[in-house]
Amino acid sequence: MSNENKTIHEFDLSLICDYFSNMERQGPGSPEVTLKALSFIDNLTEHSRIADLGCGTGGQTMTLAKHIQGKITGLDFFPDFIKIFNHNAQQLGVQDRVKGIVGSMDNLPFQDEELDLIWSEGAIYNIGFERGLKEWRKYLKTGGYLAVSESSWFTDERPAEINKFWMNAYPEIDTIPNQVAKLQKAGYLPVATFILPETCWTDHYIAPKVTAQQLFLNKHAGNKAAEEFAALELYENELYRKYKAFYGYTFFIAKKIEL
């Protein structure tokens, strides 16, 4: 089976975790972009409750923790990511109010209307954009915020190679106006939308992958599945270089309104 037809979903979870645990961020983003998204959110105090869903090792969570006072719960499916997350919180001296827990996005451990802010960078695709918007809404207080980054098409038409890749990997990818309409339909007021700059991919995601790739391949020398996974990651990097005019990540900031 060629890499062109294989998606990340076909690989062993422990391999995926191992590869990305060597990176500060598990997807495109940057501290600047995290803070830009945060700048649209105005109701946070030391009593605020925040959840970072699909937090990974917590690169963006620690940025949030430096700039807001509330209590943050990071949730991720991978126990190894959460170990690193909690270690990072300790290093930063915020472990009393920033805690990582192992859990699943489709079974959140929060009460209805418990949260002032739900954050999720590059991770809502795990449950699906529309499903995430609908199911997470009940955990937010009215007037609470949702801030998610999600893959978007920048054009209505695109080359066959990149279209095929995304249709295999995540058929729910959509254009930005359609995604904003989905937010509105799910009971949110769209507050801000902006496209992540190219450096979020090149400097903060693709470049750190070079080191992660080397560590990973050294550790799993001779493991066919590991080699295939590493090759898929390189193919994804290549696709971005070729087709970045057609897709990327968009940050959506929205507020829960009464329906």
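Because the structure is predicted, anything quoted here is derived from the model rather than measured.
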With sequence neighbours excluded, what pairs up with K185 under the side-chain hydrogen bond (donor to acceptor under 3.5 Å, both in side chains) test?
->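 Counting only residues at least two positions away or on another chain, K185 forms no side-chain hydrogen bond (donor to acceptor under 3.5 Å, both in side chains).
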
Partner set under side-chain hydrogen bond (donor to acceptor under 3.5 Å, both in side chains) for Y243, not counting sequence neighbours = E161

For residues 50-83, which residue pairs qualify under ring pair (Phe, Tyr, Trp, His ring centres under 6.0 Å), counting only residues two or more places apart or in two chains?
->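 Applying ring pair (Phe, Tyr, Trp, His ring centres under 6.0 Å) to every pair that reaches into residues 50-83, excluding sequence neighbours, yields F78-F81.
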
When rounded to the nearest 0.5 angstrom, what is the spacing between [atom1] in [X] and [atom2] in [Y]?
X    : Y    : atom1 : atom2 : result
E150 : L133 : CD    : CG    : 8.5 Å
I72  : K99  : CD1   : NZ    : 14.0 Å
T61  : F85  : OG1   : CZ    : 4.0 Å
R241 : L239 : CZ    : CG    : 10.5 Å
Y249 : S151 : OH    : OG    : 5.0 Å
K219 : L15  : NZ    : CG    : 9.5 Å

Just by distance, no angles: are the side chains of [X] and [Y] close enough, under 3.5 Å, to form a donor-acceptor pair?
X    : Y    : answer
D18  : H220 : yes
T155 : E157 : no
N178 : T175 : yes
Q179 : T250 : no
Y205 : N237 : no

Aromatic centroids of [Y] and [X] separated by under 6.0 Å:
X    : Y    : result
W166 : Y247 : yes
F252 : F129 : yes
Y19  : F216 : yes

Take K36 and E32 through the salt bridge (charged side-chain N to carboxylate O under 4.0 Å, His left out) test and state the conclusion after the steps.
-> CA-CA 6 Å; K36 181 176 177 177; E32 295 76 22; over 6 Å; no

May I have all residue pairs that pass side chain to side chain donor-acceptor pair (under 3.5 Å) and include part of residues 79-95, sequence neighbours excluded?
-> none

Step-by-step side chain to side chain contact (heavy atoms under 4.5 Å, CB included) determination, Q60 to D52 | CA-CA 9 Å; Q60 67 294 330; D52 183 359; 2.8 Å; yes

So does K71 have more than 12 non-hydrogen atoms from other groups sitting under 6.0 Å from NZ?
->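 Atom NZ in K71 is not crowded, with 12 or fewer foreign heavy atoms closer than 6.0 Å.
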
Using distance only, find each side-chain donor-acceptor pair of residues 192-204 under 3.5 Å and give its atom names and separation, not counting sequence neighbours.
unit_1	atom_1	unit_2	atom_2	d
E198	OE2	K244	NZ	2.9
T202	OG1	E198	O	3.2

Checking side chain to side chain contact (heavy atoms under 4.5 Å, CB included) for the pair I101/I82: CA distance, chi angles, key distance, verdict?
-> CA-CA 6 Å; I101 60 171; I82 293 300; 5.6 Å; no

[Y] backbone acceptor or donor facing [X] side chain under 3.5 Å:
X    : Y    : result
K256 : L140 : yes
T57  : E24  : yes
Q26  : F20  : yes

Does the distance from a Lys or Arg side-chain N to an Asp or Glu carboxylate O, for R49 and E113, drop under 4.0 Å?
-> no

Got a salt bridge between E121 and R25, using NZ or NE/NH1/NH2 to carboxylate O under 4.0 Å?
-> yes

Which residues pass the ring pair (Phe, Tyr, Trp, His ring centres under 6.0 Å) test with F110, sequence neighbours left out?
->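 Checked F110 against ring pair (Phe, Tyr, Trp, His ring centres under 6.0 Å); zero matches.
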
